Amino acid sequence: HDKWEIDPQELMLMEELGSGQFGVVRRGKWRGSIDVAVKMMKEGTMSEDDFIEEAKVMTKLQHTNLVQLYGVCSKNRPIFIVTEYMRHGSLLNYLRRHEQSLTSNQGLLLDMCIQIGKGMAYLERHNYIHRDLAARNCLVGSENIVKVADFGLARYVLDDQYTSSGGSKFPIKWAPPEVLNYTRFSSKSDVWAYGVLMWEVFTCGKMPYGRLKNTEVVEKVQKGLILEKPKMCYKEVYDVMRKCWSQLPETRPSFRVLKEQLVSIAQRLLVD
Ligand SMILES: Cn1cc(-c2ccnc(-n3ncc4cc(C(C)(C)C)cc(F)c4c3=O)c2CO)cc(Nc2ccncn2)c1=O
């Protein structure tokens, strides 16, 4: 019996949550009581067979700061991807909607970064690369729980506007030099993206590099220019961001180290 295969008859679909990269995502109930989100994969948007194969691995990745993949309905089309439900939606929207209350609460902003760092340290330990880490791809649940979503899915996107670094949908502003030049993804390219995500958190959801066009950002990043310190961000937190933006991947800290550094900063700050 394939553990990762979900019987669609055990699903009750509810309101639409939005339409992501692969089509409509709806809220639902699984087996009558479990809150889920159901991605209904639009035909031709993802290499489905490869994904279904990978789903077996993904269901095994379990951590409090990762949005849990419960399984897939792959026996008919469109295929459904069933995951844990997060009631407050994307972190990016949450930051923008709650800017007023968040600006004075650096402890909470730092805690959000630490939670994501823990989820990413778990993926790093399992040699799992996200490939599109950003505030838009993290989700917020109750009690300010934050989790990393859609890790690894970038490999199955068929839209080459998204997959090729010259494409209009490629996440240029979250990409390090080795990805811009050779699309060389690694946990250290996730670390670069994590630095940009920290900047998003401490600016309550501003767009990195403002209105600069992608071509201008590529030029700046390759020249070593980096994002400025957000106004309401501790100096030592910005120093951690800057380490994530080292030109060379090997000079960037691992998520294991990053998490420890942020936790010790949080302990020092929350004591004072
Ligand atoms: C699990 N989950 C998913 C979503 C939700 C809804 C629509 N699109 C998406 N997205 N968003 C982004 C996304 C990105 C990718 C890349 C391959 C990384 C490019 C692949 C995806 F498949 C998605 C996706 O499905 C999500 C994220 O997967 C919203 C939730 N919750 C709420 C709650 C209230 N309001 C809105 N959403 C929720 O709990």
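Numbering of ligands and ligand atoms starts at 1, following listing order. This chain uses plain numbering: 1 for the first residue, then up along the sequence. All figures in this text were calculated on a predicted structure; none of them were measured in a lab.
Regarding atom 30 (C) of ligand 1, its nearest protein heavy-atom neighbour is L17 CD1, 3.8 Å. Among protein heavy atoms, the minimum distance from atom 15 (C) of ligand 1 is reached at Q21 CB, 3.9 Å. Looking only at heavy atoms of the protein, atom 4 (C) of ligand 1 is closest to V25 CG1, 4.2 Å. Here the heavy atom of the protein found nearest to atom 37 (N) of ligand 1 is G89 CA, 3.7 Å. Protein heavy atom in closest approach to atom 20 (C) of ligand 1: F22 CE1, 3.5 Å.
Contacts with ligand 1 closer than 4.0 Å are made by side-chain heavy atoms of Y162 only, the backbone lying farther away. Contact annotation for R27 and ligand 1: no heavy atom of the residue comes within less than 4.0 Å of the ligand. Of the heavy atoms in N137, only side-chain atoms (C-beta onward) come closer than 4.0 Å to ligand 1. Both the backbone and the side chain of Y85 come within 4.0 Å of ligand 1, judged by heavy-atom distances.
Looking at Y94 and V146, their side chains never come closer than 4.5 Å, going by heavy atoms from C-beta outward. Looking only at side-chain heavy atoms (C-beta outward), F202 and K229 stay at 4.5 Å or farther from each other.
Salt-bridge formation is not detected for the pair D239/K243: no Lys NZ or Arg NE/NH1/NH2 atom is positioned less than 4.0 Å from an Asp or Glu carboxylate oxygen. Using a 4.0 Å cut-off between charged nitrogen and carboxylate oxygen, K220 and E216 do not count as a salt-bridge pair.
Atom CZ of R27 is surrounded by more than 12 heavy atoms from other residues, nucleotides or ligands within 6.0 Å. Heavy atoms from other residues, nucleotides or ligands lying under 6.0 Å from NZ of K56 number more than 12.
Considering only residues two or more places apart in sequence or on other chains, F255 meets the ring-ring contact (aromatic ring centres under 6.0 Å, His included) condition with Y194.
Atoms CG and SG, from L197 and C138 in turn, are 5.0 Å apart once rounded to the nearest 0.5 Å.
Within the listing of ligand 1, atoms 1 (C) sit less than 4.0 angstrom from a heavy atom of E84. Under a 4.0 Å criterion applied to the non-hydrogen atoms of A37, ligand 1 contributes the atoms 1 (C), 2 (N). Every atom of ligand 1 with a heavy atom of T83 under 4.0 Å away is listed here by number and element: 1 (C). For ligand 1, the atoms lying closer than 4.0 Å to a non-hydrogen atom of K39 are 22 (F), 24 (C), 25 (O), 27 (C), 28 (O). Per-residue contacts place A154 under 4.0 angstrom from the following atoms of ligand 1 (heavy atoms of the residue considered): 17 (C).
Nearest-heavy-atom check against atom 39 (O) of ligand 1 across R136, K169, M86 picks out M86. Relative to atom 13 (C) of ligand 1, the option among D159, V38, N93, D150 with the closest non-hydrogen atom is D150. When the heavy atoms of L153, V157, T163, L139 are ranked by distance to atom 2 (N) of ligand 1, first place goes to L139. Closest to atom 34 (C) of ligand 1 by heavy atom, among E16, R87, R131, is R87.
Looking only at atom types and distance, the side chain of S74 has a donor-acceptor partner in the side chain of E5 under 3.5 Å away. For the residue pair D190 / Y128, no side-chain donor-acceptor distance below 3.5 Å is found, with atom types taken as modelled.
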Atom pairs and distances, donor-acceptor, side-chain atoms in residues 172-181, under 3.5 Å, two or more places apart:
| from | atom 1 | to | atom 2 | distance (Å) |
| --- | --- | --- | --- | --- |
| K173 | NZ | P208 | O | 3.2 |
| K173 | NZ | G210 | O | 3.0 |
| W174 | NE1 | E200 | OE1 | 2.9 |
| E178 | OE1 | R252 | NH2 | 2.9 |
| E178 | OE2 | R252 | NH1 | 2.8 |
| N181 | OD1 | Q222 | NE2 | 2.4 |
| N181 | ND2 | P177 | O | 3.0 |

